[in-house]
Amino acid sequence: MSDADIKWVFFSNFRQECPTVRMEEAVLLNQTTVVTCFRLRGLSINQNVQMAAFAMFLVFYVLTLIGNILIVITIIDDHHLHTPMYFFLSNLSFIDVCHSTVTVPKMLIDTWSEEKLISFDACVTQMFFLHLFACTEIFLLTVMAYDRYVAICKPLQYMTVMSWKVCVLLAVALWTGGTIHSIALTSLTIKLPYCDPDEIDNFFCDVPQVIKLACTDTHIIEILIVSNSGLISVVCFVVLVVSYAVILVSLRQQISEGRRKALSTCAAHLTVVTLFLGHCIFIYSRPSTSLPEDKVVSVFFTAVTPLLNPIIYTLRNEDMKNALNKLMGRVKGREKK
């Protein structure tokens with residue numbers, strides 16, 4: 001048996017059947033969806049590149065899970081971190097775990113498969129949770145900027161303005177806003193009729209790539225997407241930049257040590273904001289046209305940024321580092337006993 005035959009036998013065991021429905025049958029059954037699954041093009045057609053991507057993104061994903069879960073546990077464990085800033089940071093870490101889990105495990109599995117299939121229902125589910133966590137994170141980053149603004153510019157009023165009741169209400173509001181946004185976007189996608197072609201030029205399902213496969217004019221839908229996701233991204237980015245500009249102006253009047261600590265925190269936030277919202281503005285603020293850079297930007301959006309958050313918020317934060325050291329010390333002490 002040749003190497004080609006062995007390879008075919010190996011991948012045939014992982015081959016997924018993609019049942020098709022003819023247009024005539026769909027009309028008779030009064031159905032609008034003809035395609036029952038989509039074919040993801042993936043990161044590359046080169047098997048060596050895919051294996052290298054598998055190893056790299058597996059490491060990224062494991063570190064993302066460990067780093068963000070460790071941040072959540074540390075914040076819950078250390079009562080000194082029970083403040084609004086770290087409350088929102090724990091929410092950010094939780095969202096990053098969920099956000100990366102929506103796309104990365106499927107991408108890792110697909111690197112071992114010749115036909116990267118995803119059912120229509122699974123594709124819609126992936127889009128829903130992708131936009132739920134992405135939009136919620138955008139709102140959360142905006143709330144975190146407001147929290148830093150109050151802490152630096154109005155320190156005497158901070159505990160009154162950012163009370164626990166206000167923090168909980170803000171958390172409920174941002175999760176509700178993300179849910180509404182995701183429902184609105186996916187409902188537009190579900191209602192469209194789909195037929196051939198059925199290949200998505202990416203390694204996960206996203207609204208701009210999916211609606212291009214619809215068997216109808218999607219010009220109005222594309223405008224709605226730009227006015228929804230694009231507008232949210234741009235407006236939040238402008239609000240964030242203005243907020244940090246006001247903070248930087250205010251820092252000029254503070255003493256050097258307080259200024260250094262505040263600048264470090266703001267720089268960390270601004271780095272996350274630029275990386276995350278940069279993708280959203282690049283993808284959702286233009287019509288649904290494929291560009292060579294889309295996959296690279298999507299990789300940073302789904303796999304790299306969730307990993308950078310724990311690095312940025314721990315290595316640049318003395319309070320987090322001290323809390324982590326205490327937690328590790330207690331764990332080692334229990335192991336010795």
Side-chain angles (χ1 to χ4, degrees), residues 68 71-96 98-99 132-181 231-277 280 309-310 312-314 316-323:
N68 284 292
I71 286 176
V72 174
I73 294 174
T74 303
I75 292 173
I76 294 174
D77 177 76
D78 194 327
H79 69 276
H80 293 102
L81 301 181
H82 293 177
T83 63
M85 173 182 170
Y86 293 104
F87 169 73
F88 292 124
L89 177 56
S90 63
N91 273 266
L92 179 63
S93 293
F94 173 75
I95 292 174
D96 281 334
C98 298
H99 186 207
L132 167 63
F133 296 127
C135 187
T136 302
E137 183 162 343
I138 290 174
F139 292 149
L140 177 58
L141 291 172
T142 307
V143 169
M144 291 176 72
Y146 175 70
D147 172 73
R148 290 300 85 203
Y149 164 77
V150 177
I152 294 172
C153 300
K154 301 180 179 180
L156 299 178
Q157 304 173 18
Y158 180 70
M159 294 310 299
T160 302
V161 176
M162 297 301 294
S163 64
W164 279 112
K165 181 180 179 180
V166 172
C167 291
V168 172
L169 288 175
L170 286 172
V172 172
L174 62 91
W175 278 100
T176 303
T179 303
I180 294 173
H181 161 79
L231 188 62
I232 288 175
S233 303
V234 172
V235 170
C236 287
F237 184 74
V238 171
V239 170
L240 286 162
V241 170
V242 171
S243 299
Y244 286 119
V246 173
I247 290 173
L248 291 174
V249 172
S250 176
L251 287 174
R252 296 176 59 185
Q253 304 173 354
Q254 296 191 12
I255 58 176
S256 58
E257 180 61 25
R259 182 189 302 177
R260 185 193 64 78
K261 187 174 181 180
L263 278 173
S264 178
T265 302
C266 292
H269 290 188
L270 200 56
T271 302
V272 174
V273 165
T274 303
L275 290 172
F276 191 83
L277 283 178
C280 297
N309 287 348
I312 291 172
Y313 285 106
T314 53
R316 296 177 60 87
N317 190 308
E318 291 296 329
D319 293 334
M320 279 298 304
K321 286 192 289 187
N322 293 334

Between Pro84 and Asp147, the two heavy atoms sitting closest are CB-OD1, 3.6 Å
Quick one: are Ile138 and Ser233 in side-chain contact, heavy atoms under 4.5 Å? yes
Given 3.5 Å as the limit, does a donor-acceptor pair link the side chain of His181 with the main chain of Leu132, or not? no
Restricting to non-hydrogen atoms, name the atom on Met85 and the atom on Tyr158 that form the minimum distance, rounded to 0.1 Å. N-OH, 3.9 Å
For a 4.5 angstrom cut-off between non-hydrogen side-chain atoms, does Met162 reach Tyr146? yes
Considering non-hydrogen atoms only, spot the tightest contact between Tyr86 and Leu81 and give its length. CB-O, 3.0 Å
Kindly give the heavy-atom pair with the smallest separation between Ser93 and Ile71, and that separation in Å. OG-CG2, 3.3 Å
In short, Gly177 meets Cys135 closest at the heavy-atom pair O-SG, 4.4 Å
Would you check, one step at a time, whether the test side chain to side chain contact (heavy atoms under 4.5 Å, CB included) holds for Phe139 with Ile232? CA-CA 9 Å; Phe139 292 149; Ile232 288 175; 4.0 Å; yes
Are side-chain heavy atoms of Phe133 and Leu140 found at a separation under 4.5 Å? no
Once you round to the nearest 0.5 Å, how far does CG of Asn68 lie from CG of Asp96? 5.0 Å
Is Glu137 close to Asn91 at the side-chain level, that is, under 4.5 Å between some pair of heavy atoms? no
Residue pair Ala323 / Thr74: nearest heavy atoms and the distance that separates them: CB-CG2, 3.5 Å
Side chains of Lys154 and Val161: does their closest heavy-atom pair fall under 4.5 Å? no
